[in-house]
2 protein chains.
Amino acid sequence: MSNDDKSTDYQSYLKETSFRKEDFYRQAFIEDCKSTRIKKEKVAIKNLEKIFEATFRICTRKGFQGMTMRDLSMESGLSMGALYSYFATKEELLNTLERVGNYQIGILLNESVAKVKDPLDKLRVYIRTHLYISEMLQPWFFFSYMEAKNLARREREKYIQAELNTEKAIVDALNEGEKKGLVRNRDHQLAASVIKAMIQDWYLKRGKYAKRGTTVEEYAANIIEWIESYYLQTV
Amino acid sequence: MSNDDKSTDYQSYLKETSFRKEDFYRQAFIEDCKSTRIKKEKVAIKNLEKIFEATFRICTRKGFQGMTMRDLSMESGLSMGALYSYFATKEELLNTLERVGNYQIGILLNESVAKVKDPLDKLRVYIRTHLYISEMLQPWFFFSYMEAKNLARREREKYIQAELNTEKAIVDALNEGEKKGLVRNRDHQLAASVIKAMIQDWYLKRGKYAKRGTTVEEYAANIIEWIESYYLQTV
DNA sequence: AGATAAATCGAGCATATGCTCTATTTATCT
DNA sequence: AGATAAATAGAGCATATGCTCGATTTATCT
């Protein structure tokens, strides 16, 4: 297996990445809560963390529609009044969560492959990074996937577009690889779908893999092995 | 590609299978509505069809928790009173849907591989049949996956068990194949997870594949090609 | 046709839920 | 410390929602 990309492990990625969890809440504050009665960023970040984490915990069990604002109040430790000084409506909370996540993740994915030139290495790095990011923000990824259908048309379309961008990144790498004679001629679009399904399974079935002791690095290596078998096989 | 299993296409499968959609509703009537005020099977089947189909339509957009009984009444064309003569509670409807589906699909999957002896062929047939069944009952598969979290503990565990059975069937075939020297030595458990993820993507992203004009047969052939690349490659 | 059984209807009940609004508490500044 | 701004609490309001029940319609039988 020509695994000569200097493959970073998860812990190293966490140290190297520019992302801090705080950024997530700060972004939400700047974009959505600036217009509310909350003035101080520090307070906002502290409480948005409580709200988001509580939302993820509750929705994993009941889904967003099944979560009541009273549930959220209990779980986050904030009163109804406090919650509504951060979000005008329940739907607004959903929108913010989806939007901020998509934005942040877009940045992270782009910064990861920016320096890589070789299309095959680019693909490897992209997959590994995608898995690392989804590991870092697993609750968000799960939530985002499961609740996308509850978004209003506009926001839902953005979600779908983000999904398609992921596929496109993979297809592009494969096309470039084929042009350079590095990979076999295959249906790259279909392959990209399948590869994305593999990536998604990691954060959709996080519990199962945890129980089996599978690590992200192992999972990433495995996906890459599948791809190499499919694409590098001598004809 | 040693594709010498006499691969059935989807239309042929539909003709050959013992399954009729009616069975689905009849099963629900026998197991869950016998104790209700509804006496006549024919009436029950007609209305259960309306109820189930309406549930699928609504829940694709809003999810089960987001669906109100008034929504369901509107969409199914039955009154509130009529609905409640079929199911004691909303939750009961959910349980019935999950249970009956799992039961029926279990039967179909077993009957499909019963005659196949060669482990590799068994795997091919299993995957193809699984995809054909999920194509035939796509709304159920999607619903079942998305709403499993809303089930009570007991029922949810049954759902997870059914998922694991699918994986086990794949692992068993691979183990047997390895023992007979037909496939390479790999992490079969992890491979089975990945294969299942591929299968699930078909019914979770049905819309996307429809838009692209991908057929079930193509999709099945593609998955099998991935597996053969991964497992049959000369070392 | 008349009588009985089966199925359906939908207004109404009790509670749950999204959201508001003022009183109160907490932090910040001079 | 006192005054002001910022943040929070939680009871209360209007509506939505799960479910019931007697009245009514439809099917079946003699």
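Side-chain atoms are counted along with the backbone in the values below, which use heavy atoms only and exclude waters and symmetry mates. Quick note on labels: first sequence line is chain A, next is B, and so on, each numbered from 1. Note that the structure is a prediction, hence the values are computed from the model and not measured.
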Listed pairs, N/O of protein and of nucleotides 8-11 of chain D, under 3.5 Å:
from: D:dT8; atom 1: OP1; to: A:Asn47; atom 2: ND2; distance (Å): 2.7
from: D:dT8; atom 1: OP2; to: A:Tyr86; atom 2: OH; distance (Å): 3.1
from: D:dT8; atom 1: O4; to: A:Arg37; atom 2: NH1; distance (Å): 3.0
from: D:dA9; atom 1: OP2; to: A:Ser79; atom 2: N; distance (Å): 2.7
from: D:dA9; atom 1: OP2; to: A:Ser79; atom 2: OG; distance (Å): 3.1
from: D:dA9; atom 1: N7; to: A:Ser79; atom 2: OG; distance (Å): 3.4
from: D:dG10; atom 1: N7; to: A:Gly81; atom 2: N; distance (Å): 3.4
from: D:dG10; atom 1: O6; to: A:Gly81; atom 2: N; distance (Å): 3.0

Point to revise | Base-paired stems in DNA chain C, each at least three Watson-Crick or G-U pairs under 3.5 Å | key: C:1-30 with D:1-30

Check your understanding: Which parts of residues 52-69 of chain B get close to DNA chain D, meaning a heavy atom less than 4.0 angstrom away?
Key -> B:Met67, B:Thr68, B:Met69

Point to revise | Check: B:Tyr203 ring centre within less than 6.0 Å of B:Phe142 ring centre | key: no

Check your understanding: At what distance, to the nearest 0.5 angstrom, does CG of A:Asn47 lie from CZ of A:Phe52?
Key -> 11.0 Å

Review point. Are A:Tyr132 and A:Tyr10 close enough that their ring centres sit under 6.0 Å apart?
Key: yes

**Study point:** With sequence neighbours excluded, residues passing side-chain hydrogen bond (donor to acceptor under 3.5 Å, both in side chains) with B:Trp140
**Key:** none

Review point. More 5' along DNA chain D: B:Lys40 or B:Lys90, using each one's nearest nucleotide?
Key: B:Lys90

Practice item. Could you list the residues that satisfy ring-ring contact (aromatic ring centres under 6.0 Å, His included) with A:Tyr103, not counting sequence neighbours? Key: none

Practice item. Please work out if B:Ser73 contacts a base, only the sugar-phosphate, or nothing of the nucleic acid, heavy-atom cut-off 4.0 Å. Key: nothing

**Study point:** Min side-chain heavy-atom separation B:Tyr126-B:Thr166 under 4.5 Å
**Key:** yes

Point to revise | Covered region of DNA chain C, 5' end to 3' end, by chain A [heavy atoms, under 4.0 Å] | key: C:dT17 to C:dT28

Exercise for review: Check whether any side-chain heavy atom of A:Thr129 lies under 4.5 Å from a side-chain heavy atom of A:Val113, and answer yes or no.
Suggested key: no

